[in-house]
Number of protein chains: 2
Amino acid sequence: MSVQQRRERERAERHRLIVDAARELAESEGWGAVTTRRLSERVACSQPVLYSHFTGKEAIVTAVAADGIGELTVALRTARTGAACPAEALTALAVTYLAFARAHPALYEAMFVRRTSLEFATENSPEVLKAAFAEFLHTVGPLTGGRDPATLAELVWSALHGLATLDGTDRLRPDLAEDRLELLVDAVVSGGV
Amino acid sequence: MSVQQRRERERAERHRLIVDAARELAESEGWGAVTTRRLSERVACSQPVLYSHFTGKEAIVTAVAADGIGELTVALRTARTGAACPAEALTALAVTYLAFARAHPALYEAMFVRRTSLEFATENSPEVLKAAFAEFLHTVGPLTGGRDPATLAELVWSALHGLATLDGTDRLRPDLAEDRLELLVDAVVSGGV
DNA sequence: ACGAGAACGCTAGCACCGCTAGACAAGAGA
DNA sequence: TCTCTTGTCTAGCGGTGCTAGCGTTCTCGT
């Protein structure tokens with residue numbers, strides 16, 4: 001069994017290598033630069049090998065997206081749990097979310113802009129997605145004031161997503177970034193009183 | 001001069017034809033199906049002709065986006081001015097915006113998701129962009145309650161954009177769509193009191 | 001009326017894309 | 001040692017955005 005185990009481990013390593021290469025290439029040159037030829041070159045194998053790991057290019061993007069969502073979840077949890085009160089927790093979550101999107105634009109694009117095969121917002125959603133959304137639920141929970149938590153969480157997420165994407169494509173005034181964030185937090189908090 | 005005028009008119013007609021063909025193709029089969037070969041086929045000319053009208057494919061997408069933003073502006077103005085009070089105007093604007101995005105997903109993508117050469121949120125922005133943003137400004141104006149109108153307008157737009165895109169890519173619960181909208185309007189209105 | 005020249009659109013082709021068929025080599029088990 | 005499985009490679013398909021260079025057509029001065 002030692003041989004087979006080694007094979008599996010090497011396969012897993014290469015799997016990891018492909019996903020990381022795709023992510024790095026996307027982060028440095030955009031998803032347009034992520035081609036199967038360049039990927040296979042970076043992983044030091046031929047193109048068909050990629051297709052023995054993934055059904056196609058979209059599946060690779062999906063793998064990158066899942067990784068990113070896991071990392072975002074960790075960042076959001078750290079920010080949220082370090083706050084002194086619910087309103088501060090919401091601010092910390094929002095700041096962290098927007099900072100993540102700004103720091104990793106291509107990763108963010110894979111996570112929430114490009115179409116992937118990740119199933120969102122259903123019972124069958126992958127755990128990593130449920131965990132990410134749970135961060136929003138936990139954050140808005142104390143601030144609902146009679147409003148439905150799931151709806152409020154989706155609204156907050158949507159607002160942050162809109163801010164992140166419009167700002168990331170230079171469609172908003174950069175000088176108002178902080179004010180927009182403050183206004184958002186205030187609107188959510190005051191609406192729950 | 002009649003000849004030259006006829007030439008210019010025919011050129012303008014073909015320009016219009018290209019933009020319309022791109023839009024129709026995108027709406028029916030997505031932007032992935034919009035290729036220069038298929039476009040030139042629809043317009044009954046060769047590929048190089050496209051490049052005598054536009055610098056490249058991105059310029060065609062930009063032209064489609066500008067058209068769409070103009071149409072959205074008209075729809076928003078109609079909705080806003082037909083409302084009885086500021087809060088109702090905001091609701092009407094939001095409903096109309098989301099309905100537009102849902103009815104024309106590819107057009108919306110060109111307008112606010114894909115990178116185009118349209119310059120947003122600056123003094124040099126095209127008039128069509130200023131007019132669109134003015135609809136948001138006019139709508140939130142009576143609801144600011146001391147808040148900065150431009151910041152609030154950008155926030156409302158961002159929230160609607162987030163809702164439109166996340167909903168349009170099946171990342172939100174469809175059954176909560178109406179509740180999200182109601183919550184958004186309430187948060188904006190109550191935050192201004 | 002006619003030839004020169006410009007304006008314009010065409011064919012053909014470049015380098016690249018995602019993806020796959022089929023040849024080939026290396027290793028496991030009898 | 002021979003066979004067979006497993007895995008990878010080369011080569012290629014039909015497509016992409018875009019362009020060089022040729023040919024036609026049409027305008028205008030003589």
Side-chain angles (χ1 to χ4, degrees), chain A residues 1-19 21-26 28-65 106 109-110 114-117, chain B residues 1-19 21-26 28-65 106 109-110 114-117:
Chain A
M1 283 298 169
S2 170
V3 169
Q4 193 171 356
Q5 282 180 343
R6 198 197 56 186
R7 286 277 177 91
E8 285 181 11
R9 198 194 58 208
E10 286 176 356
R11 251 192 93 74
E13 281 176 9
R14 193 165 56 183
H15 193 97
R16 181 83 265 143
L17 221 58
I18 294 170
V19 176
R23 174 173 171 170
E24 287 169 19
L25 209 44
S28 60
E29 303 181 46
W31 283 107
V34 180
T35 71
T36 55
R37 280 172 178 79
R38 295 185 69 171
L39 268 183
S40 64
E41 191 181 354
R42 287 213 176 191
V43 184
C45 67
S46 66
Q47 286 176 273
V49 169
L50 302 179
Y51 293 87
S52 71
H53 287 267
F54 300 92
T55 59
K57 192 183 168 184
E58 186 196 304
I60 300 177
V61 179
T62 299
V64 173
E109 188 182 337
R114 293 174 68 104
R115 290 203 171 267
T116 65
S117 51
Chain B
M1 281 299 169
S2 171
V3 169
Q4 194 169 356
Q5 282 180 343
R6 199 197 57 185
R7 283 278 176 91
E8 284 180 11
R9 200 193 58 208
E10 284 176 357
R11 249 192 97 74
E13 281 176 10
R14 193 165 56 183
H15 193 98
R16 182 82 265 143
L17 222 57
I18 294 170
V19 176
R23 174 173 172 170
E24 286 169 19
L25 210 42
S28 60
E29 303 181 48
W31 282 106
V34 180
T35 72
T36 55
R37 280 172 179 79
R38 295 185 70 173
L39 267 184
S40 63
E41 190 182 354
R42 286 213 177 193
V43 184
C45 66
S46 66
Q47 286 176 272
V49 169
L50 303 179
Y51 292 87
S52 72
H53 286 267
F54 301 94
T55 60
K57 192 182 168 183
E58 186 196 307
I60 300 177
V61 179
T62 299
V64 173
E109 187 182 335
R114 293 175 68 106
R115 288 203 173 267
T116 66
S117 51

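Keep in mind that what you see is a predicted model, and the values were worked out from it rather than measured.
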Looking only at heavy atoms, which two atoms of A:Ala63 and A:Val19 are closest? And how far apart? CB-CG2, 3.8 Å
Could you pull out all residues at least two apart from B:Tyr51 that satisfy ring pair (Phe, Tyr, Trp, His ring centres under 6.0 Å)? none
Under a 4.5 Å cut-off applied to non-hydrogen side-chain atoms, are B:Arg11 and B:His53 in contact? yes
Using a cutoff of under 3.5 Å, can you pull out all pairs of nitrogen or oxygen atoms linking the protein to nucleotides 6-8 of chain C, with atom names and distances?
none

Which residues share a side chain to side chain contact (heavy atoms under 4.5 Å, CB included) with B:Ala33, sequence neighbours left out: B:Glu29, B:Arg38
Where is the tightest heavy-atom contact between A:Ala65 and A:Ala110, given as atom of each residue plus distance? CB-O, 3.3 Å
Is the closest side-chain heavy-atom distance between A:Leu39 and A:Phe54 below 4.5 Å? no
Could you state the atom-to-atom distance from CD of A:Glu29 to C1' of C:dC16 in whole Å? 15 Å
Return the value, rounded to whole Å, for the distance between atom CG of B:Leu39 and atom P of C:dG9. 16 Å
With a cut-off of 3.5 Å and sequence neighbours excluded, list every side-chain donor-acceptor pair involving residues 41-50 of chain A.
unit_1	atom_1	unit_2	atom_2	d
A:Gln47	NE2	A:Thr36	OG1	2.8

Under a 4.0 Å heavy-atom cut-off, which of residues 43-51 of chain A touch DNA chain C? A:Gln47, A:Pro48, A:Tyr51
Euclidean distance, atom NE2 of residue B:His15 to atom P of C:dG9 [Å, nearest integer]: 14 Å
Using atom CD of B:Glu10 as one end and atom C1' of D:dC26 as the other, report the distance to the nearest whole Å. 13 Å
Every protein N/O lying under 3.5 Å from an N/O of nucleotides 13-16 of chain D:
unit_1	atom_1	unit_2	atom_2	d
D:dT16	OP1	B:Thr35	OG1	3.2

Value in whole Å for how far the C1' atom of C:dG9 lies from CD of B:Glu41: 17 Å
